[in-house]
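The basis for the numbers below is simple: all heavy atoms, side chains too, and nothing from hydrogens, waters or symmetry mates.
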2 protein chains.
Amino acid sequence: MALNDRKIQILQAIINDYIETAEPVGSRTIAKKYNLGISSATIRNEMSDLEEMGLILQPHASSGRIPSDMGYRLYVDHLMQQKELSLDEQKYLQGVISRDINQIDYLMEETAKALSLLTNYATFISEPVGQRTRIKQIRLLPLDSTSLLLVIATGDNFIKNHVIKMDSVPSEEKIFYMGICLNRVLQGFALNEIDGAVISKMQAELQEYQELLEPILKAIEITMRAAEKVQVHMSGARNMLAFPEFSDIQKAKSLFQTLEEKDVLVTMLEESKGNDIQILIGSENTVQGMKDCSVITATYKMGDNTRGTIGIVGPTRMDYSQVISVLNGMVQNIEGVLRNLSDGNNKNT
Amino acid sequence: MALNDRKIQILQAIINDYIETAEPVGSRTIAKKYNLGISSATIRNEMSDLEEMGLILQPHASSGRIPSDMGYRLYVDHLMQQKELSLDEQKYLQGVISRDINQIDYLMEETAKALSLLTNYATFISEPVGQRTRIKQIRLLPLDSTSLLLVIATGDNFIKNHVIKMDSVPSEEKIFYMGICLNRVLQGFALNEIDGAVISKMQAELQEYQELLEPILKAIEITMRAAEKVQVHMSGARNMLAFPEFSDIQKAKSLFQTLEEKDVLVTMLEESKGNDIQILIGSENTVQGMKDCSVITATYKMGDNTRGTIGIVGPTRMDYSQVISVLNGMVQNIEGVLRNLSDGNNKNT
DNA sequence: GTTAGCACTCAAAACTGGTGAGTGCTAATA
DNA sequence: TATTAGCACTCACCAGTTTTGAGTGCTAAC
């Protein structure tokens, strides 16, 4: 059975209508609303074919049809046309980032909020991550008479701190010197590369402060492990409650459970990293609890190999083309802000 | 009309039953279940009085009674008896924190998760904050040929970083020296105290690096503003969906909206800071969107004046005494972990 | 190949009466 | 005088029935 033009028109009509109304679409509706020049009976015959091909399905015997995941896939891959952002939306996008945001985590927070407001779906976003496993700079600073601060910058200029408590802290100069030594030895290393050889080297360099070495090494391990953990921000989960798909409390609850699991979200974002735009429809999602949703992800870049990912979660009948264009717009914007932030917003103003 | 013993017994019965079942409680139920030695008719008369006093109310003409906010208030203030933690719960509490958590934000995250699991309500928690507006130590570190790292430690050992971009970064020694100067001048100051006098002093000290002063000052401002913003972690919002009170999607949505607003949560926690345990019942909440809920907050301390707050949100018929005992237990635990974390978990092991 | 027409299906809405948990009131009782 | 038994009444809820309407598939005619 061939997927001729007319079948495609009908499929498109069904998808458009269902995205809009969330109600199964019947042949008469299509005949009346989209004047394809054929009668409802003919549409019925075609729909019967489309169902046989697995592109649409019937929730129950005497109801209209809804698109299947496979139907959406066909739509997304071949039928959908890119939507342009409305002026309002463009303006809003600009507005959200025009404020001088200069801390990455606020930028993430604001972006997630804006996207969930703009799309009415749920949004999650991971911060830009590059060479985060590798030590770029490592230093020590005195805080007070019993605490020392360990500062580690990773390859992607991500900074992580750790306060080390001890009985008494050496003088400022000694600490400075220790930090320099530490840095000389460990610069460029990843945590799993710090083996016996490296440690002996450190012992040699820091001979005077043997007793401090152990707590410092432990602090480095803790800090690097923490640095490797990627932060993810989530917003707009409540939007999902507005969709009839989730008026069943049980379904809503299990979706919310998934959305609260940051580890799961990170994994999802990791998996799609690299693709400019990735779309996973319903059952295509590997994560349980997302099988009733579609997830669209977009990757943004910040120089080099430093990247982050944005994900939008909606019902399978989400407005794919709108989400994609908003995401594209937002990626542009974030990249702009990050560029501005990383090469000197301090110079102007 | 006096609130005699019998009335109190009846009120208590109504509250207990309603907390358990979420169904309006009738006179016959009370007569059968709680043998107070009086007939349902007598109970009806007493209930009529209790209603007149505003302690209970009737959802509709021929239904049983439910406690009013005022009724809960009386219960919480005078009738409720402290519940002991079950062994399982005590064990769980221990287990949650026995893992070696050494980053404050993970501790917050884990605590919120544990509490929402343990109580089946929603939990939010603010990190320990003390002298966060005051600079305790300030330093500069070189990151690479075009970026400088500003590190600020505030009075409560909270660390905040900021990467400053510039055309070229001076030598390590010069930066070290600049950092020391900066520290000498600014130590002990709050952002709003850095006035003309202080700035001229800095200009004098850093004469050689006039052109760096402006970006550094700007970075200090940004960083201190960010430091002042208190982080809050939220968990278990989905639990609220399990309660019949929120089976109305609209109500659920507006509650979720409030729970997603971190600023609102911070305000709520701030307002209750200082009180060991604070209970706000239904309409007593100033925050719109929480008027159908009760919020119990507890303050935990970390030496000096450094404090954080935990909040538990549930329906007004929440299990107050259980939540209070769990909160008390958790405060003990957190304080333990923080104490351990701040006076040298690095020494042992 | 297309369409009009018709019998059929089935979910959802509207209506029905019955049930039961609750009330308030009153009169009898201790 | 406080308590209680008894009774009429209310009203949400449930189960069953009917009605409605949007939908289908099939068939015969164009």
Side-chain angles (χ1 to χ4, degrees), chain A residues 1-11 13-15 17-18 20-68 244-245 247-248, chain B residues 1-11 13-18 20-68 71 244-245 247-248:
Chain A
M1 189 167 2
L3 192 63
N4 58 27
D5 253 24
R6 197 167 67 188
K7 282 196 176 60
I8 287 179
Q9 283 184 313
I10 291 171
L11 178 61
I14 292 171
I15 292 178
D17 217 73
Y18 188 67
E20 193 184 326
T21 64
E23 292 292 331
V25 190
S27 54
R28 245 172 73 87
T29 311
I30 296 182
K32 269 193 282 183
K33 217 161 149 185
Y34 309 78
N35 37 353
L36 307 178
I38 47 177
S39 78
S40 68
T42 311
I43 294 173
R44 273 202 291 285
N45 290 333
E46 296 287 35
M47 278 164 91
S48 170
D49 290 354
L50 285 169
E51 185 166 9
E52 215 175 302
M53 296 164 81
L55 295 168
I56 57 178
L57 41 85
Q58 237 176 336
H60 61 86
S62 75
S63 80
R65 305 304 214 288
I66 64 176
S68 68
E245 287 71 351
S247 61
D248 172 15
Chain B
M1 191 167 359
L3 191 62
N4 56 26
D5 252 24
R6 197 167 67 187
K7 283 196 175 59
I8 288 180
Q9 282 183 313
I10 291 171
L11 177 61
I14 292 172
I15 292 178
N16 287 343
D17 216 72
Y18 188 68
E20 193 184 329
T21 64
E23 293 292 333
V25 189
S27 54
R28 243 172 74 86
T29 311
I30 296 181
K32 268 194 281 182
K33 219 162 147 184
Y34 308 78
N35 37 353
L36 307 179
I38 47 176
S39 78
S40 67
T42 310
I43 294 174
R44 273 202 291 285
N45 290 333
E46 297 287 34
M47 279 162 91
S48 171
D49 290 353
L50 285 169
E51 185 165 7
E52 213 174 304
M53 296 163 83
L55 296 169
I56 57 178
L57 41 85
Q58 238 176 336
H60 61 86
S62 76
S63 80
R65 306 302 214 289
I66 64 176
S68 68
E245 281 80 346
S247 61
D248 173 15

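Atoms OH (A:Y18) and P (D:dA22) sit 18 Å apart, rounded to a whole Å. Between A:E23 atom CD and D:dA22 atom C1' there is a gap of 11 Å when expressed in whole angstrom units.
Judged by distance alone, the side chain of B:S40 and the main-chain N or O of B:A31 form no donor-acceptor pair under 3.5 Å. Within the 3.5 Å criterion, the main-chain N or O of B:I56 finds no donor-acceptor partner in the side chain of B:E51.
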Exercise. How does protein reach along nucleotides 16-29 of chain C, written 5' to 3' as B (base within reach of a heavy atom under 4.0 Å), S (only sugar-phosphate), or - (no contact)?
Worked result: ------SBB-----

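B:R6 has its side chain within reach of B:T42: a pair of non-hydrogen atoms, C-beta onward, lies under 4.5 Å apart. Side-chain contact check for A:V25 versus A:R65: every heavy-atom pair is 4.5 Å or farther apart.
Between B:T42 and D:dT4, a side-chain N or O to OP1/OP2 separation shorter than 4.0 Å is present.
For the residue pair A:Y34 and A:D17, a side-chain donor N or O sits within less than 3.5 Å of a side-chain acceptor on the partner.
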